[in-house]
Amino acid sequence: MSESFFERVYSVVRKIPEGKVTSYGAIANYLGTPKSARVVGWAMNASHDLDDVPAHRVVNRNGLLTGKHFFSGSNLMRELLESEGIKIENDKIVDFEHHFWNPST
DNA sequence: ATCTTGACCTAAT
DNA sequence: CATTAGGCCAAGA
């Protein structure tokens with residue numbers, strides 16, 4: 001079974017617990033390709049076909065909602081995160097480290 | 001096979 | 001603090 005890089009990313013993102021977030025680099029690192037962080041983000045772009053992939057729980061290394069612009073409108077991503085107990089300020093996750101989830105977990 | 005793009009990351013200026 | 005540059009990888013045309 002040759003699973004595309006995307007499917008591997010989806011598998012990890014789907015495992016993100018509610019109220020937790022992770023970064024593209026963390027996922028890429030977990031997959032064994034720490035330098036493919038961009039590809040992870042790109043995979044998320046294709047995740048639009050799937051509704052099982054909480055892309056809103058994936059942010060960049062700074063905890064910044066870089067992909068929020070790709071969601072419907074400009075506040076959907078923030079709404080989803082806040083709905084899970086995560087606080088956002090200036091498009092950035094508050095206490096990012098506290099909400100960070102390690103894929104290895 | 002070549003070229004382009006992209007929701008990144010780090011460092012330098 | 002804002003901007004630029006380089007690197008790195010995968011998929012689509």
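Chain letters run A, B, ... following the sequence lines, proteins first and then strands; every chain starts at 1. A quick note: this is a predicted structure, and the numbers were derived from the prediction, not measured.
- More than 12 non-hydrogen atoms from other residues, nucleotides or ligands lie less than 6.0 angstrom from NE2 of H48(A).
- In the 5' to 3' direction, nucleotides of DNA chain B lying under 4.0 Å from heavy atoms of chain A begin and end at dG6(B) to dC9(B).
- Looking at residues 59-69 of chain A, you'll see N60(A), R61(A), T66(A), G67(A) sit with a heavy atom under 4.0 Å from some atom of DNA chain B.
- Contact check of residues 80-105 of chain A against DNA chain B (heavy atom, cut-off under 4.0 Å) returns no residues at all.
- Within the 4.0 angstrom heavy-atom criterion, base atoms lie near H48(A).
- Under the side-chain hydrogen bond (donor to acceptor under 3.5 Å, both in side chains) criterion, the residue pairs touching residues 67-80 of chain A are K68(A)-D91(A), R78(A)-E82(A), with sequence neighbours excluded.
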Under a 4.0 Å heavy-atom criterion, the protein footprint on nucleotides 7-13 of chain C, written with B, S and -, is BBBBB--
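- Taking the side chain as every heavy atom from C-beta outward, E18(A) and R57(A) approach each other to under 4.5 Å.
- A salt bridge between K20(A) and E84(A) is absent, with no side-chain N of the basic residue lying under 4.0 Å from a carboxylate O of the acidic one.
- Base engagement by A55(A) is indicated by at least one non-hydrogen atom pair under 4.0 Å involving a base atom.
- T33(A) contributes no side-chain N or O that, together with a main-chain N or O of S36(A), makes up a donor-acceptor pair within less than 3.5 Å.
- Grouped with Y10(A) in one hydrophobic cluster are F5(A), F6(A), V9(A), V12(A), V13(A), I16(A), Y24(A), I27(A), Y30(A), L31(A), V39(A), V40(A), W42(A), M44(A), L50(A), V53(A), V58(A), W101(A), the linkage being side-chain heavy-atom contacts under 4.5 Å among Ile, Leu, Val, Met, Phe, Trp and Tyr residues.
- Using a 4.5 Å heavy-atom threshold, the side chains of V94(A) and I88(A) count as separate.
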